[in-house]
Colleague: 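Can you keep this structure in mind? I'll have questions shortly.
Count residues from 1 along the sequence. Values below: all heavy atoms of this structure, side chains included; hydrogens, waters and symmetry mates excluded. One-based numbering, in listed order, for ligands and for the atoms of each.
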Amino acid sequence: MIKRREFLRRAAATAGFALACKSSPVAWAQSDSDARIDVLLDEPLGPISPNIYGHFTENLSGVIYDGIWVGENSKVPNVNGIRKELIDQMRKIKPAIVRFPGGCFADSYDWRDGIGPVDKRPRRTNFWSFGDPPPAPVTHRYDPNRFGTNEFVQFCQLIGGQPYLAANLRSLPAEQFYRWVEYCNSPAGTTTLADERAAAGCKDPFNVRYWGVGNESWGCGGNFTAQEYAVEYRRFTTWVPGYSNELSFIASGPDGDSREWTRGFFEEIARKGKEQIRGIYGWALHHYAWNLSRGKTQDWNAGKGDALKFDPVDWYEVLREGDRMESMINAHWQIMGETDTDHHVKLVVDEWGPWYRPGSELTPGDQIEQLPTLRDAVFSGMTLDTFNRHPEKIGIACCAQLINCLNSLYLAHEDKFCVTPVGHVFQMYASHQAAQSVRAEFSAPSIHYDRDGKPASFWGLKGSASLLEKNLVLTAVNPDVSHELEARIMIRGAQAKSGQATVLTASNIHAHNTFAQREAVVPRTEKLEARGPNLNFRFPAASVVKLEVQLA
Ligand code: AHR
């Protein structure tokens, strides 16, 4: 790979010169690019599943109550109780899939509590109640079950996405899993549960395809060993009636990067016969960038950094931690391939994002809510680009979490609402959905910085490219906190006709949006000088960039 990249760089340096001279000699002669990007249109990597641009909504603190659900009688504009501004904003980002109800919450949840007449639904202690003392509203600690399966599915329908439900494997029997599937998917009039669904106004089946089978089953999801979990997984998923719907089961993946868990699970599943692997659609991978201690501690609390108060070294540190995503994808994919030799099972990165220490929440009392800054926009662009570069491996990915939580796209409280820089990145990157990912080789000088008295470096420019008919979309991040980077972009195999550039950046790396200042960080779109096979672009310091090029 390294050899190939080096070869490409050198070959392109010569060939590109000749090509560029033919098409735009002046532009090339004047250009003294620091970096180059070769977009190789004839090297398709696979279609980018829209499900890579998925979301995660756990019944945790302000995510559901106050975030998504405001209630039908609220003064906050709503559609059947669901926050209208959230629906309107989400429609812009084409949200293909949303995961619910957890997370750790899922393995404590009885789906039956959330269906039926609303005045009969029980109140239950929320899994997360320990972390939500007042002033958090009582609904954060004691779940009123006002938002259940029907409301969640309606939310998905309103935003144009599909539901991905996570089943309780720790504290409910497998029979309850089958019943939940039956409630959601059995045709109208066929079962008692279909009648219950119809009585709630939902005659037609929900046809839920994606089902998580437990969550973090090595920890909050049951404290299993990989082998024990594999046995449970087989038991839960064997002979679940699908009705007319294909069911795609997602198994609970490793604790962080634990290779033993992945290997142990797949070996145990295959011990019963290799064909058992066919019963798995996806392998869940969670990656939070939380340890900003630069190797000083592994303590979950002490290792975290601040969401708002940070130095450039912290900026690079969180990106380094987040950038481990690519090696995790490759490593677990390879291990899965030891038993799943034809790679039937896809990776489902259904929780990802940075995780800072408490203190930056816009709504006091919202547990693990944090205020995303420009740093988190760059982090998110980097992560989405990573997924785009591995379209054959990634089936689903869900950013953790949609609203009022970790790497949230939106923050809301009562009638206040704002789109975070992360939300803007999702809107920018939506153009990649369902396009063909094509290989793009990035070559840029590394960034050098001081890491506790020792020299450290981070890559200078990375991104991804995709093609849909004649539209080429190139996204990239410049992670350098203080230097812009000029890049020569060589489109191999086509000529540019026109283009536009969308840039998300700010003069302050701590910039963020709040309820009072909703537009401190917003993307700007400008026309791009794009004619012929090559173009130049200056990637501003600390930026996320999307170039859209119409090909001749
Ligand atoms: O996203 C918050 C929590 O992080 C989820 O509930 C759990 O799956 C993970 O550990």
Side-chain angles (χ1 to χ4, degrees), residues 54-65 67-68 97-109 124-132 136 140-141 143 152 164-171 210-224 229 250-258 261 282-291 298-301 303-304 307 321-322 324-325 328 347-358 360-361 366-372 376 379-380 383 396-411 420 422:
H55 305 282
F56 175 31
T57 56
E58 178 161 12
N59 191 345
L60 191 182
S61 202
V63 177
I64 303 295
Y65 298 106
I68 299 174
I97 193 163
V98 189
R99 180 175 180 237
F100 172 80
C104 292
F105 176 88
D107 277 297
S108 69
Y109 181 60
R124 304 282 188 212
T125 311
N126 189 300
F127 171 90
W128 293 97
S129 61
F130 61 90
D132 266 317
H140 290 14
R141 288 191 298 289
D143 181 4
F152 173 66
Y164 161 18
L165 292 173
N168 179 344
L169 177 124
R170 170 168 63 81
S171 55
Y210 296 102
W211 294 87
V213 184
N215 169 75
E216 297 192 349
S217 302
W218 42 265
C220 63
N223 221 358
F224 295 107
Y229 172 65
I250 291 123
S252 168
D255 177 2
D257 198 6
S258 166
W261 179 272
W283 182 236
L285 199 63
H286 293 177
H287 179 45
Y288 289 107
W290 64 273
N291 193 339
Q298 288 302 315
D299 184 274
W300 173 247
N301 294 315
K304 296 220 188 73
E321 286 297 306
R324 289 176 47 223
M325 179 69 84
M328 285 175 67
L347 283 165
V348 169
V349 189
D350 51 14
E351 292 185 29
W352 66 265
W355 192 326
Y356 305 109
R357 70 169 77 106
S360 70
E361 49 278 7
D366 271 7
Q367 187 180 176
I368 74 173
E369 177 181 306
Q370 56 195 31
L371 195 49
D376 304 304
F379 181 109
S380 301
T383 304
I396 299 175
C398 305
C399 180
Q401 301 192 13
L402 180 72
I403 184 165
N404 292 350
C405 198
L406 296 167
N407 199 40
S408 294
L409 287 77
Y410 313 104
L411 296 171
T420 72
V422 176

Colleague: What is the ring orientation for Tyr109 with Phe105, classed by angle as parallel under 30°, tilted 30 to 60°, or perpendicular over 60°?
Modeller: tilted
Colleague: Determine the interplanar angle of the Tyr164 and Tyr210 rings, folded into 0 to 90°, and report it as parallel if under 30°, tilted if 30 to 60°, perpendicular if over 60°.
Modeller: perpendicular
Colleague: Before signing off on this row, confirm whether Leu60 and ligand 1 have an N or O atom pair separated by under 3.5 Å.
Modeller: no
Colleague: Below 30° counts as parallel, above 60° as perpendicular, anything between as tilted: where do the rings of Trp355 and Trp300 land?
Modeller: perpendicular
Colleague: Tell me yes or no: between the side chains of Asn59 and Arg124, is some donor less than 3.5 Å from an acceptor?
Modeller: no
Colleague: State whether the shortest distance between N or O atoms of Asn215 and N or O atoms of ligand 1 falls below 3.5 angstrom.
Modeller: yes
Colleague: Backbone, side chain, both or neither: what part of Trp128 comes under 4.0 angstrom of ligand 1, heavy atoms only?
Modeller: side chain
Colleague: Just by modelled atom types, is the Pro354 backbone N or O under 3.5 Å from a matching donor or acceptor in the Gln370 side chain?
Modeller: yes
Colleague: Could you tell me which atoms of ligand 1, counted from 1 in the order shown, lie closer than 4.0 angstrom to a heavy atom of Phe56?
Modeller: 1 (O)
Colleague: How far is atom 1 (O) of ligand 1 from the closest protein heavy atom, and which atom is that?
Modeller: Tyr288 OH, 2.8 Å
Colleague: Report, in ascending order of atom number, the atoms of ligand 1 lying under 4.0 Å from any heavy atom of Gln401.
Modeller: 1 (O), 2 (C)
Colleague: Looking at ligand 1, would Phe105 count as a contact under a 4.0 Å heavy-atom criterion?
Modeller: no
Colleague: Using the side chain to side chain donor-acceptor pair (under 3.5 Å) definition, which of the options Gln367, Glu58, His140 pairs with Trp128?
Modeller: Glu58
Colleague: Taking 4.0 angstrom as the limit and counting only heavy atoms of Glu216, give me the atoms of ligand 1 inside it, by number and element.
Modeller: 7 (C), 8 (O), 9 (C), 10 (O)
Colleague: Could you check atom 6 (O) of ligand 1 against the protein and tell me its nearest heavy-atom contact, residue, atom and distance included?
Modeller: Glu58 OE1, 2.7 Å
Colleague: Please could you name the atoms of ligand 1 that Trp355 approaches to less than 4.0 Å, counting only its heavy atoms?
Modeller: 2 (C), 4 (O)
Colleague: Could you tell me, atom by atom, which parts of ligand 1 come under 4.0 Å of a heavy atom of Cys104?
Modeller: 5 (C), 6 (O), 7 (C), 8 (O)
Colleague: Among side-chain atoms of Tyr356 and Asp376, is any donor-acceptor pair under 3.5 angstrom?
Modeller: yes
Colleague: Around atom 4 (O) of ligand 1, find the nearest protein heavy atom and jot down its residue, atom name and distance.
Modeller: Glu351 OE1, 3.3 Å
Colleague: Could you check whether any side-chain N or O of Trp352 sits under 3.5 Å from a backbone N or O of Gly322, counting only pairs where one atom can act as donor and the other as acceptor?
Modeller: no
